[in-house]
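All values below come from the heavy atoms of this structure, side chains included, with hydrogens, waters and symmetry mates left out. A, B, ... follow the sequence lines: proteins, then strands. Residue 1 opens every chain.
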Amino acid sequence: MHIPDAFIPIWQGAIYWIIALVFVYLSLRWAKNELNEEKLPLVAVLAAGIFALQSFNLPVSMGTSGHLVGGALVAIILGSPFAAVFILTLVLIVQGIMFGDGGITTMGANILNMGVVGGFVGFYSFKGLKAATGSMPVSAFIAAWLACLIPALCASVELWLAGTFPLQAGMIAMGLYHAIIGVVEGVITVAAIYLIVSVRPDMVDKGVMPAKVGAVA
Amino acid sequence: MIDNKTLIVGGLIIAILVGVVAVFMASSDPDGLESTALIIQGGKTLTGPTPPDAEIVENMEGKFAYSAPMPDYSLGEGMGSMGGILAIIGGTVLAFLVVIGLVYALKIAGKKNPPNGVQ
């Protein structure tokens with residue numbers, strides 16, 4: 001769902017850039033204060049992994065493909081929506097500048113959708129669902145699904161405001177395709193969490209762990 | 001538990017493997033956003049296949065145009081899949097290095113200007 005330069009007028013792109021920069025600033029503050037050198041290897045590996053995953057377009061049927069976003073995974077593993085903003089912003093900068101995936105004037109909108117909306121939706125829906133159900137996999141799956149679908153719907157609203165997509169047709173198509181991609185996003189997110197928890201439990205946010213482990217420790 | 005070196009090496013290997021497999025296995029169908037654009041421009045239907053000649057019309061009037069050095073994760077037709085693999089590996093390693101570099105820059109800047117202003 002990387003919006004290219006052609007799809008949004010420059011002045012609207014500038015507005016999304018300004019909003020995105022506020023969150024980027026906050027994410028830099030998060031990185032400065034919360035990221036210690038012990039966690040840095042995991043954060044850097046996550047950025048590399050998300051770059052690679054986003055280059056993998058999976059078939060969705062209906063003549064469409066889609067790739068994972070990864071915002072929920074990062075926010076859940078590192079325990080902050082700003083972790084997603086931080087990593088997704090850097091990945092989007094590399095994609096946009098080096099590979100032309102996503103525009104330059106629209107990079108703010110892409111950061112806003114996948115980093116900010118994806119990160120916040122992923123993190124807080126995981127937190128809420130985990131408190132309600134107590135199940136990490138169920139909560140992470142639904143959170144990742146939502147963190148794929150809702151940014152896509154945000155993109156369709158932005159493209160409607162830009163005059164590129166009609167509202168209803170855009171929402172239906174974007175919603176349908178990303179509801180399907182979101183299922184894969186959910187499965188991969190849960191699998192990646194299990195993998196990371198098993199190899200480096202010390203680097204993972206405590207919110208991911210089963211409640212009883214937290215109580216014992 | 002694995003140590004940091006294994007985490008970094010193992011993590012980068014997994015990421016690069018995913019990217020390399022993507023060069024050969026990734027779907028060539030347009031992604032969700034491009035598909036939606038095709039539907040709106042009449043190039044495809046919501047649930048139908050994408051015709052091989054379908055092309056998105058881009059109205060560049062008053063828009064910013066930028067040419068990336070490695071568009072579409074490739075180094076051009078002549079390089080074929082080898083170019084794709086090199087582009088993906090380059091991007092994956094670059095994403096890794098950018099994070100490390102930025103975090104170190106933030107930490108160095110933070111040490112020069114302590115938040116409480118006490119030196």
Taken to the nearest 0.5 Å, the spacing of A:Leu195 CG from B:Ile14 CD1 works out to 5.5 Å
Rounded to the nearest 0.5 Å, what separates atom CD in B:Glu58 from atom OG1 in A:Thr164? 10.0 Å
Counting only heavy atoms from other residues, nucleotides and ligands, does the tally under 6.0 Å from CH2 of A:Trp160 exceed 12? no
Specify which of B:Pro69, B:Pro71, B:Ala87, B:Ser28 makes the most heavy-atom pairs with chain A at under 4.5 Å. B:Pro69
Here the pair of heavy atoms bringing B:Leu94 nearest to A:Met98 is CD2-CG, 3.8 Å
Side chain, backbone, both or neither: which part of A:Ser156 has a heavy atom under 4.5 Å from chain B? neither
Output, in order, the C-alpha distance, side-chain angles, deciding distance and verdict of side chain to side chain contact (heavy atoms under 4.5 Å, CB included) for A:Val60 and B:Asp29. CA-CA 9 Å; A:Val60 175; B:Asp29 278 330; over 6 Å; no
Identify which of A:Leu46, A:Leu28, A:Ile97 forms the greatest number of heavy-atom pairs closer than 4.5 Å to chain B. A:Ile97
Reference residue A:Leu159; test side-chain contact (heavy atoms from CB on, under 4.5 Å); the match among B:Leu33, B:Ile40, B:Thr36: B:Leu33
Could you check which of B:Gly10, B:Gly48, B:Pro49, B:Gly11 has the highest count of heavy-atom pairs closer than 4.5 Å to chain A? B:Gly48
I'd like to know which of B:Val18, B:Ile2, B:Leu106, B:Thr50 tops the heavy-atom pair count under 4.5 Å against chain A. B:Ile2
Can you tell which of A:Arg200, A:His178, A:Met174 has the highest number of heavy-atom pairs within less than 4.5 Å of chain B? A:Arg200
Student check: side-chain heavy atoms of A:Leu58 and B:Met25 closer than 4.5 Å: no
Can you measure from OH (A:Tyr177) to CD1 (B:Ile39) and round to the nearest 0.5 angstrom? 3.5 Å
Proximity breakdown for B:Ile56 and chain A, heavy-atom pairs closer than 4.5 Å: side chain
Any side-chain to backbone donor/acceptor pair from B:Lys107 onto A:Lys32? Under 3.5 Å, distance only. yes
Residues at least two apart in sequence or cross-chain that pass side-chain hydrogen bond (donor to acceptor under 3.5 Å, both in side chains) with B:Asp31, listed by chain then number, are none
Taking atom CG of A:Asp202 and atom CE of B:Met1, what is their separation to the nearest 0.5 Å? 4.0 Å
Check each atom of B:Thr45 against the heavy atoms of chain A and say whether the ones under 4.5 Å are side chain, backbone, both or neither. backbone
Among A:Ile196, A:Ile104, A:Thr105, the residue with the most heavy-atom pairs under 4.5 Å to chain B is A:Ile104
Heavy-atom side-chain contact between B:Val98 and A:Ile93 under 4.5 Å: no
Sort and list the pairs that fulfil side chain to side chain donor-acceptor pair (under 3.5 Å) and have at least one residue in residues 41-59 of chain A, not counting sequence neighbours. A:His2-A:Gln54, A:Gln54-A:Gln95, A:Asn57-A:Ser65
Take atom OH in A:Tyr25; do more than 12 heavy atoms of anything else shown fall under 6.0 Å from it? no
Pairs of heavy atoms under 4.5 Å with chain B: top-ranked of A:Ala169, A:Ala48, A:Pro4, A:Gly66: A:Ala48
Looking at chain B, which one of A:Ile180, A:Leu35, A:Thr106, A:Val91 has the largest number of heavy-atom pairs inside 4.5 Å, strictly under? A:Leu35
Might you point out which heavy atoms bring A:Gly96 and B:Ala68 nearest each other, and give the distance in Å? O-CB, 4.2 Å
With only heavy atoms counted, which part of B:Leu102 is less than 4.5 Å from chain A, the side chain, the backbone, both or neither? side chain
Give the C-alpha distance, both sets of side-chain angles, the deciding distance and a yes or no for side chain to side chain contact (heavy atoms under 4.5 Å, CB included) between B:Phe96 and A:Val45. CA-CA 6 Å; B:Phe96 176 85; A:Val45 163; 4.0 Å; yes
Chain B shares the most heavy-atom pairs under 4.5 Å, among A:Met62, A:Met1, A:Glu38, with A:Met62
Report the option among B:Val103, B:Ile100, B:Val93 that has the most heavy-atom pairs separated by less than 4.5 Å from atoms of chain A. B:Val103
Min side-chain heavy-atom separation B:Tyr104-A:Leu40 under 4.5 Å: yes
Interface check, chain A: of B:Ala95, B:Pro30, B:Gly19, most non-hydrogen pairs under 4.5 Å belong to B:Pro30
Of the non-hydrogen atoms in A:Thr64 and B:Ser35, which two are nearest, and what is the gap between them? OG1-OG, 2.7 Å
What closest approach, in Å, do B:Leu7 and A:Met203 show between heavy atoms, and which atom pair accounts for it? CD2-SD, 3.8 Å
Considering all heavy atoms of both residues, which atom of A:Phe56 and which atom of B:Ala22 are nearest to each other, and what is their separation? CG-CB, 3.5 Å
Chain A heavy atoms under 4.5 Å from B:Met60: which part of the residue, side chain, backbone, both or neither? side chain
Value for CZ (A:Phe51) from OH (B:Tyr73), rounded to nearest 0.5 Å, stands at 5.0 Å
With a 4.5 angstrom heavy-atom cut-off, is it the side chain or the backbone of B:Asn59 that approaches chain A, or both, or neither? backbone
Using non-hydrogen atoms only, which part of B:Ala37 is less than 4.5 Å away from chain A: side chain, backbone, both, or neither? both
